[in-house]
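Working notes for the structure below.
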Amino acid sequence: MILVYRLSSFFVASVAVVGFLALLFTRVHPFAIMVLTSLVCALALARLLGWHIGTFQFWHLLGTPLLLLVSSFGPFLLLENQFSKFGLAVLVVVFLFLFVEHVFSFIHLPMAYQPFTLEYLSGLLHIISVFFLSVLGFGLSLFLQTPLWMLSLVFFLILFFIVYGTLWAGKVDPSRARPYAFAGAVLTTELFAALTFLPTGFYTNAALLALGVYVFLGLSRAHALHKLSKEVLRRYLIVFIVLTLVITLTSQWV
């Protein structure tokens, strides 16, 4: 049985590869491919996690890689360059493999697990997922005129899960994590709505939103763990200011 679990990372990565290749080279409806790929990966992950659906650990370790995979389909379909699509697919598959590999160690081989690996890796995957989701959200708003309230509601729910999951992985008490998650979801949703009115492309808006989420997650985690100091605040402010300038100065304004 341990061998079946051991192969989970290879299986999930292989399913993702097949899904991306099917989107590129088959005429099957993209929605059907995305749903089937996500469903198979979800079932494999749930089996690896032992179907403990009554715990948040199950939903966090299931939802984090699944959110990365599902959200990546948005920019994958929007990209026009084939090499860019290949690069995006490789990035997603590699992160899926690494995350599921560490989940296997965490659940089934705790002696081989490196402490805090999933905490940092899930945080990175969350930021990437926010960027992918933002690209999709801004793209839907621009091309399909999807109602802003609908997109904002989806962002609120997803960001609540992301912030709460990040703080949970950081060993923050759930009673303290929920207010941060609610505040982070509200602020991020407001930022998403405000960015839709800027005369910039959706990649620029997505990068600014992902940067805002990164700063909020870092500061809220430090504050919740009573580790927020002037040095930590200064570091995040410098990163935020520098990257904001880089994004705005290198973006194309319309």
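In this chain, numbering begins with 1 at the start of the sequence shown. Keep in mind that what you see is a predicted model, and the values were worked out from it rather than measured.
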### Query
Is any side-chain heavy atom of Arg221 closer than 4.5 Å to a side-chain heavy atom of Lys171?
no
### Message
Using the ring centroid of each side chain, check whether Phe76 and Phe132 are separated by less than 6.0 Å.
### Response
no
### Nearest-0.5 Å distance, CG of residue Leu151 to OG1 of residue Thr146
5.5 Å
### Query
Is Thr188 reaching over with its side chain to a backbone N or O of Gly184, donor-acceptor style, under 3.5 angstrom?
yes
### Task
Under the side chain to side chain contact (heavy atoms under 4.5 Å, CB included) rule, collect the residues that match up with Phe97, sequence neighbours excluded.
Ser9, Phe10, Ala13, Glu101
### Query
Should the ring pair Phe116 and Tyr120 be called parallel, tilted or perpendicular, given that the plane angle runs from 0 to 90° and is split at 30 and 60?
tilted
### From Tyr5 atom OH to Leu49 atom CG, the distance as rounded to the nearest 0.5 Å
9.5 Å
### Task
Establish, yes or no, whether a centroid distance under 6.0 Å links the rings of Phe138 and Tyr203.
no
#### Entry: Greater than 12 external heavy atoms within 6.0 Å of Leu245's CG
yes
### Query
Among Phe86, Phe25, Phe73, whose ring-ring contact (aromatic ring centres under 6.0 Å, His included) with Phe20 holds?
Phe73
### Message
Check for me whether the distance between the ring centres of Tyr113 and Phe106 falls short of 6.0 Å.
### Response
yes
### Task
Mark yes or no for whether Trp59, through its side chain, and Ile53, through its backbone, hold a donor-acceptor pair below 3.5 Å.
yes
### Task
Compare all side-chain heavy atoms of Ile107 with those of Leu48 and state whether any distance is below 4.5 angstrom.
no
### Query
Is there a path of hydrophobic side-chain contacts, each under 4.5 Å between heavy atoms of I, L, V, M, F, W or Y residues, that connects Phe11 with Val92?
no
#### Entry: Residues in side chain to side chain donor-acceptor pair (under 3.5 Å) contact with Ser229, at least two apart in sequence or another chain
Glu231
#### Entry: Leu217 side chain reached by Ile127 side chain, heavy atoms, under 4.5 Å
yes
### Query
Side chains of Ser134 and Asn205: does their closest heavy-atom pair fall under 4.5 Å?
no
### Query
To the nearest 0.5 Å, what is the distance between CG (Leu21) and OG1 (Thr26)?
9.5 Å
#### Entry: Set of residues satisfying side chain to side chain donor-acceptor pair (under 3.5 Å) with respect to Thr166, sequence neighbours excluded
His126
### Query
CZ of Phe240 to CG of Leu219: how many Å apart, nearest 0.5 Å?
10.5 Å
### Query
So do the side chains of Met150 and Leu153 get within less than 4.5 Å of each other, counting heavy atoms only?
no
### Straight-line distance of Leu23 CG to Ile33 CD1, nearest 0.5 Å
4.5 Å
#### Entry: side chain to side chain contact (heavy atoms under 4.5 Å, CB included) evaluation trace for Leu159 with Val213
CA-CA 9 Å; Leu159 263 296; Val213 172; 4.0 Å; yes
### Query
So do Leu45 and Pro65 actually touch side chain to side chain, heavy atoms under 4.5 Å?
yes
### Query
Would a distance-only check, ignoring hydrogens and angles, find a side-chain to backbone donor-acceptor pair under 3.5 Å from His52 to Gly54?
no
#### Entry: Any side-chain heavy-atom pair of Leu67 and Leu133 under 4.5 Å
yes
#### Entry: Heavy-atom pair of closest approach, residues Val12 and Ala44
CG2-CB, 4.0 Å
### Query
Should Val15 and Leu96 be counted in the same cluster of Ile, Leu, Val, Met, Phe, Trp and Tyr side chains packed under 4.5 Å apart?
no
### Message
Taking NE2 in His108 as the centre, count heavy atoms belonging to other residues, nucleotides or ligands within less than 6.0 Å. Is the count above 12?
### Response
yes
### Query
Does the pair Phe182 and Val163 meet the rule for a side chain to side chain contact (heavy atoms under 4.5 Å, CB included), with working shown?
CA-CA 8 Å; Phe182 181 79; Val163 178; over 6 Å; no
### Query
Which of parallel (below 30°), tilted (30 to 60°) and perpendicular (above 60°) describes Tyr236 and Tyr214?
tilted
### Task
For the residue pair Phe155 and Phe192, categorise the inter-ring angle as parallel (less than 30°), tilted (30 to 60°) or perpendicular (more than 60°).
parallel
### Task
Following the transitive rule for hydrophobic clusters with a side-chain heavy-atom cut-off under 4.5 Å over Ile, Leu, Val, Met, Phe, Trp and Tyr, establish whether Val35 and Leu66 coincide in one cluster.
no
### Non-hydrogen side-chain atoms of Arg47 and Ser8 separated by less than 4.5 Å
no
### Task
For Val215 and Val239, run side chain to side chain contact (heavy atoms under 4.5 Å, CB included): C-alpha distance rounded to whole Å, both residues' side-chain angles, the deciding distance at 0.1 Å, then the answer.
CA-CA 8 Å; Val215 173; Val239 171; 5.6 Å; no
### Query
What do the steps show when you test Tyr164 against Phe56 for ring pair (Phe, Tyr, Trp, His ring centres under 6.0 Å), and what is the final call?
CA-CA 10 Å; Tyr164 184 83; Phe56 184 75; 4.8 Å; yes
### Message
With rounding to the nearest 0.5 angstrom, report the CG to CG distance, Leu191 to Leu187.
### Response
8.5 Å
### Message
So does Met34 get a backbone contact from the side chain of Thr37, meaning a donor-acceptor N/O pair under 3.5 Å?
### Response
no
### Message
Please determine whether residues Phe216 and Leu233 belong to a single hydrophobic cluster, defined as Ile, Leu, Val, Met, Phe, Trp and Tyr linked transitively by side-chain heavy-atom distances below 4.5 Å.
### Response
yes
